Amino acid sequence: MPELPEVETTVRGLERVLLDRRIERVELRRPDLRRAMPEGLGQRLTGARVTGLRRRAKYGLIDTDREDTLVFHLGMSGRWRVDPSEVEKHDHVLLDTDDGHRVALNDPRRFGSLDLVRTSELDAWPAFAALGPEPLDISGRELRARLQGRSAPIKALLLDQRIIAGLGNIYVCEALYRAGIHPTRAGGSISLARLERLATAIREVLVEAIAAGGSTLRDFASPAGELGYFSKTFAVYDREGRACTCRSTVERIVQGGRSTFFCSRCQR
DNA sequence: AGATATTCCTGGAGGC
DNA sequence: TGCCTCCAGGAATATC
């Protein structure tokens with residue numbers, strides 16, 4: 001499922017075909033994803049030139065010369081298909097460029113979203129206004145400041161986009177494992193030294209996944225369409241009952257309705 | 001206000 | 001083989 005590394009990879013893939021191109025045609029193949037499609041999406045996008053592609057947290061941003069930014073979230077099964085040979089089931093939006101390329105937003109489970117936001121108003125846009133800092137820039141000190149006084153388990157706090165924006169279940173589990181921190185530990189009770197380790201672990205695990213092209217479970221495809229073109233082996237995620245490198249066994253618990261995978265010998 | 005539960009949706013997995 | 005139930009995920013919303 002797409003997390004920050006997959007979104008980063010997707011944005012870089014889309015950049016290859018969309019940057020500086022004019023969007024010649026927009027086809028909406030259904031009226032909604034998770035929510036209704038933005039008002040006037042087709043008209044506002046048709047004829048616009050793409051001036052930049054960016055990522056914020058788990059959102060991809062497509063800036064245009066009309067001062068509009070198309071903001072997409074891939075949910076858990078979304079992907080952009082680049083130059084698909086044919087339209088497939090669950091291709092919900094098609095964008096055709098002036099030089100003959102096509103990108104298709106495919107999302108079987110429709111947990112994703114599309115929004116068109118005035119570029120100058122992005123920071124105040126409700127979904128963005130409360131977002132915490134980017135995990136790739138996070139420091140131990142900043143983590144400490146944001147976890148101060150919080151009694152909830154560190155696992156749940158790291159998934160809270162207001163505290164740190166862009167981590168999902170997979171990378172939270174992996175980062176906590178690397179940092180040797182038990183997922184049930186109260187966020188506010190972790191020492192600065194261990195939070196420094198955690199900040200480093202978060203940055204490292206994301207950088208490695210981005211370098212590898214975004215990890216994949218069942219339903220992520222790169223923008224070029226090759227399914228499962230990257231396979232990363234997780235240390236703990238989805239490895240319940242299997243051996244940790246310490247020869248102990250990876251455990252699974254449920255926190256806030258989400259599975260947490262960890263090694264109780266390596267994580268304290 | 002902080003913590004937790006519920007909702008959305010589909011396809012894949014596993015049970016019988 | 002087919003039908004059934006369960007589960008995965010992020011974010012918005014509701015409720016304690």
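Treat the numbers as computed from the prediction; the structure is a model and nothing was measured. Numbers restart at 1 for each chain; the letters A, B, ... are given by sequence-line order, proteins then strands.
Axis angle, first five pairs versus last five pairs of the helix from B:dG2-C:dC16 to B:dC16-C:dG2: 50°, rounded to 10°.
Residue pairs meeting the ring pair (Phe, Tyr, Trp, His ring centres under 6.0 Å) criterion with at least one partner in residues 122-161 of chain A, sequence neighbours excluded, are A:Tyr59-A:Phe128, A:Trp125-A:Phe128. Applying the ring pair (Phe, Tyr, Trp, His ring centres under 6.0 Å) definition to pairs two or more places apart or across chains, none involves residues 136-165 of chain A. Screening residues 139-159 of chain A for ring pair (Phe, Tyr, Trp, His ring centres under 6.0 Å) gives no qualifying pairs among residues at least two apart or on separate chains. For residues 9-49 of chain A, no pair satisfies ring pair (Phe, Tyr, Trp, His ring centres under 6.0 Å), with sequence neighbours left out.
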Extract all donor-acceptor atom pairs below 3.5 Å that involve side chains of residues 157-167 of chain A and protein atoms in other chains or at least two apart in sequence.
from	atom 1	to	atom 2	distance (Å)
A:Asp160	OD1	A:Arg162	N	2.9
A:Asp160	OD1	A:Arg162	NE	3.0
A:Asp160	OD2	A:Arg162	NH2	3.0
A:Gln161	OE1	A:Gly166	N	2.8
A:Gln161	NE2	A:Leu159	O	3.1
A:Gln161	NE2	A:Leu167	O	3.1

Only distances under 3.5 Å count here; give the side-chain donor-acceptor pairs of residues 43-51 of chain A to other protein atoms, sequence neighbours excluded, each with its distance to 0.1 Å.
from	atom 1	to	atom 2	distance (Å)
A:Arg44	NE	A:Asp68	OD2	3.4
A:Arg44	NH2	A:Asp68	OD1	2.8
A:Thr46	OG1	A:Gly42	O	2.5
A:Arg49	NH1	A:Asp20	O	2.8
A:Thr51	OG1	A:Asp63	O	3.4

Identify all side-chain donor-acceptor contacts of residues 183-190 of chain A below 3.5 Å with residues at least two apart in sequence or on another chain.
from	atom 1	to	atom 2	distance (Å)
A:Thr184	OG1	A:His182	ND1	2.9
A:Arg185	NE	A:Arg268	O	3.4
A:Ser189	OG	A:Ala186	O	2.8

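Atom pair A:Asp238:CG and C:dC7:P shows a separation of 14 Å (rounding to whole Å applied).
Remark: A:Asp99 engages A:Arg21 in a salt bridge (Lys or Arg N to Asp or Glu O under 4.0 Å) (not counting sequence neighbours). For A:Val87, the side-chain contact (heavy atoms from CB on, under 4.5 Å) partners two or more places apart in sequence, or in a different chain, are A:Arg29, A:Asp91, A:Leu94, A:Arg102.
Close to C:dA11, at under 4.0 Å from its OP1 or OP2, lies a side-chain N or O of A:His73. Look at A:Gln161 and you'll find a side-chain N or O under 4.0 angstrom from OP1 or OP2 of C:dA11. For the pair A:Arg35 and B:dC8, the criterion of a side-chain N or O lying under 4.0 Å from OP1 or OP2 is not met. A:Arg110 has a side-chain polar atom (N or O) that falls below the 4.0 Å cut-off from OP1 or OP2 of B:dT10.
For DNA chain B, the residues of residues 84-92 of chain A within the heavy-atom distance limit of 4.0 Å (strictly under) are A:Lys89, A:His90, sorted by number. A heavy-atom distance below 4.0 Å to DNA chain B is reached by these residues of residues 148-157 of chain A, ordered by number: A:Arg150, A:Ser151, A:Ala152.
Partner of A:Glu134 under the salt bridge (Lys or Arg N to Asp or Glu O under 4.0 Å) criterion, out of A:Arg54, A:Arg55, A:Arg203: A:Arg55 alone.
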